There are 2 protein chains.
Amino acid sequence: VPSFDLALRYPASGTLCRIRVARGGLSGLGPWTKRTTGAHRVAVVSDHHVSALFGESAVRGLRRSGIDAALVTVPAGERTKSVLHLERLWRQFSEIGLVRSDAIVAMGGGVVGDLAGFAAATWLRGVPWVNVPTSVVAQVDSAIGGKTAIDVAGGKNLAGSFHQPAGVLIDPDALVTLPDREFRAGLAEVVKTGMAVDAGLFRWLERHAGHVLAREPDALLEIVRRAVRAKSRVVIGDEREREAGGRTALNFGHTVGHGLESVFGLRRLRHGEAVAIGMHVAAILSASVAGLPLAEQERLDALLERLGLPIAIPPGVRVAVLGAAIRRDKKRDRSGTRWVLTPRVGHASVPRLISGRRVRAALCEAGAWA
Amino acid sequence: VPSFDLALRYPASGTLCRIRVARGGLSGLGPWTKRTTGAHRVAVVSDHHVSALFGESAVRGLRRSGIDAALVTVPAGERTKSVLHLERLWRQFSEIGLVRSDAIVAMGGGVVGDLAGFAAATWLRGVPWVNVPTSVVAQVDSAIGGKTAIDVAGGKNLAGSFHQPAGVLIDPDALVTLPDREFRAGLAEVVKTGMAVDAGLFRWLERHAGHVLAREPDALLEIVRRAVRAKSRVVIGDEREREAGGRTALNFGHTVGHGLESVFGLRRLRHGEAVAIGMHVAAILSASVAGLPLAEQERLDALLERLGLPIAIPPGVRVAVLGAAIRRDKKRDRSGTRWVLTPRVGHASVPRLISGRRVRAALCEAGAWA
């Protein structure tokens with residue numbers, strides 16, 4: 001079976017994170033959890049959708065490896081990344097009797113990984129965890145790098161931890177069952193990684209978009225493998241996202257993306273769709289102040305449209321409202337919002353301040369109302 | 001002014017924690033916060049009692065150092081270590097607009113340090129913090145070592161983080177205003193540190209108990225300095241409290257102590273009083289299975305009584321009830337509760353399993369009802 005293994009040793013924390021990308025990999029969850037955590041008991045955290053598809057077989061597989069596994073389900077959707085559900089998980093860990101040598105298995109999309117990872121970071125001041133991402137965004141992006149978080153009043157991901165999973169088990173075959181809109185939205189993060197740090201990944205996606213959209217299993221394995229490798233290279237050297245560290249490049253498109261999510265309250269736009277629009281805006285700014293050639297700006301727009309992703313700001317969004325939402329984003333410092341721009345495909349510059357006038361002009365050009 | 005500085009570099013995480021013990025040290029909070037965190041804005045978290053005593057002058061001092069300081073108060077008492085108050089702090093940080101380069105100042109006893117430290121560990125995935133302990137327990141024990149936590153359903157300190165403060169500023173003069181019972185209870189943790197890892201500290205307290213109980217300023221400075229030094233030596237080599245690491249020694253007396261707190265719901269006994277009784281039980285067990293000489297067991301009891309601390313389990317507590325509470329404690333693993341025992345003053349053995357029969361006998365001997 002084609003598979004791809006990677007062992008990341010983070011120099012900053014000394015943590016080891018083992019990553020496996022393998023078709024049919026879910027069937028090996030038991031041995032993988034045993035090997036990466038050594039746990040005798042685990043809580044498998046999943047949402048109702050993913051649990052219905054893979055929950056039973058995951059628990060059976062863990063038990064076959066001699067691991068006492070309990071299934072804990074949470075509602076699907078971003079609202080689950082709340083302090084309410086965090087506290088519920090802690091209670092359930094208490095009832096299950098999870099001790100420090102036990103582990104958490106997070107099985108689901110980015111929401112489950114962020115929530116269950118944060119619960120693992122904080123239960124008994126930190127227990128090992130295994131992340132089993134089942135959505136595109138989670139497989140190609142959020143499962144790598146150890147970020148965990150919940151949303152609190154005031155914004156997304158405001159409370160959280162850096163807590164590296166001991167193991168990440170990625171089965172691209174799980175992507176076959178996803179709804180079309182969710183699948184496409186997830187590809188925005190691959191475009192982002194390509195645009196910001198890996199021109200080869202960007203080119204590969206330009207060439208193979210058809211195979212990917214048709215969800216050919218080998219194309220899925222390849223795109224996930226390439227995205228995981230690219231993201232790993234970035235996070236390994238900047239585990240905690242320092243102020244001008246390499247990891248900031250991966251926020252390309254996310255400044256406007258988070259602003260749109262805040263304006264729309266996470267309902268009208270999927271995260272990836274908001275990021276696609278955000279990349280379009282960031283490219284306009286990059287063309288105006290970072291020397292991004294017009295032809296490269298057009299390559300980005302063309303790829304996003306080929307993948308069925310939006311690039312224009314939806315009608316009715318006012319520049320002033322979106323601008324205010326952007327200024328509240330947490331990726332700011334004393335002096336203001338810092339923008340990740342790109343001089344050419346595969347490269348990102350250190351985040352920089354941009355004048356309000358230029359930002360407003362770019363938002364207008366992307367379709368915001370004056 | 002007599003003062004004592006210590007810079008702890010934790011090899012495991014690479015973190016630097018600067019500690020200062022100084023009479024009148026509170027007046028230097030501004031420069032200390034500037035030096036250890038570099039923050040331009042801080043939230044000062046304190047409880048109503050401590051805030052009334054020191055809040056205003058702390059904020060004034062910070063502002064004199066050019067730091068924009070906002071005072072945030074929480075109720076006094078263990079119940080404040082809750083997810084409710086954690087979430088309130090996050091909200092207030094959001095309203096204040098704390099960014100990653102800002103900091104939290106925790107000013108108060110162990111409750112404030114644990115809660116505000118956990119909020120600092122998790123706000124924006126971790127911001128720097130300064131701990132300014134004002135109770136005996138916090139100054140001699142809980143402020144050193146980076147443990148932060150809240151209580152959740154099922155037990156004390158079940159959710160938390162290891163998050164080293166950038167600075168710890170300890171002013172023993174702050175202890176002068178404490179109620180007598182709280183002051184004495186706090187000394188139990190000094191007895192514990194002496195008993196478990198520092199025979200010199202134990203002997204010093206035996207000789208100077210009178211000066212300490214009279215709260216002579218120089219005696220307070222000396223006991224805090226010695227306790228901080230002893231605890232620092234232990235935590236530096238075992239930052240995350242590994243299974244058989246040196247830090248486990250500091251749980252001496254805490255197995256029964258936590259059990260009693262759980263039985264009494266944190267009301268009837270102060271933490272230090274519960275620990276004093278717990279040490280008495282642990283010494284009985286140590287005499288029976290770890291070779292603690294009778295004379296040393298008597299030294300412990302005599303010192304605790306000299307300090308006005310209880311050693312007997314309060315009447316009415318049943319062995320079965322206390323035993324069940326002990327078995328639920330989080331310092332257990334698959335095989336059961338592991339007890340920290342002592343072969344002689346100043347030394348602790350690796351935590352070990354003890355037969356239920358022996359534990360019940362020791363609880364009976366200490367006054368529990370059959």
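Chain A is the first sequence line, chain B the second, and so forth, proteins listed ahead of strands; every chain is numbered from 1. Source: prediction; values computed, not measured.
Across B:His40, B:Glu87, B:Arg41, the residue that shares the most heavy-atom pairs under 4.5 angstrom with chain A is B:Arg41. Put simply, of B:Ala119, B:Ala12, B:Ala153, the one with the most heavy-atom pairs under 4.5 Å next to chain A is B:Ala153.
Rounded to the nearest 0.5 Å, atoms CD (A:Glu241) and CG (B:Leu124) are 10.5 Å apart. With rounding to the nearest 0.5 Å, the separation of CG in B:Leu158 from CZ in A:Arg91 is 12.0 Å.
In this structure, chain B has a heavy atom under 4.5 Å from the side chain of A:Phe118, while its backbone stays farther away. With a threshold of 4.5 angstrom between heavy atoms, A:Ala159 approaches chain B through its backbone and through its side chain. Heavy atoms of A:Leu98 lying under 4.5 Å from chain B are absent altogether.
With sequence neighbours left out, B:Lys81 forms a side chain to side chain donor-acceptor pair (under 3.5 Å) with B:Asp114, B:Asn157. Partners of A:Ser13 under the side chain to side chain donor-acceptor pair (under 3.5 Å) rule, at least two apart in sequence or in another chain, are A:Thr15, A:Glu239.
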- request: Please report the C-alpha distance between A:Val152 and B:Ser94 in whole Å, then the side-chain angles of each, then the deciding distance to 0.1 Å, and finally whether the side-chain contact (heavy atoms from CB on, under 4.5 Å) criterion is met.
  value: CA-CA 9 Å; A:Val152 301; B:Ser94 176; 5.7 Å; no
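For the residue pair A:Ser161 and B:Arg125, the shortest heavy atom distance occurs at O-CD, 3.6 Å.
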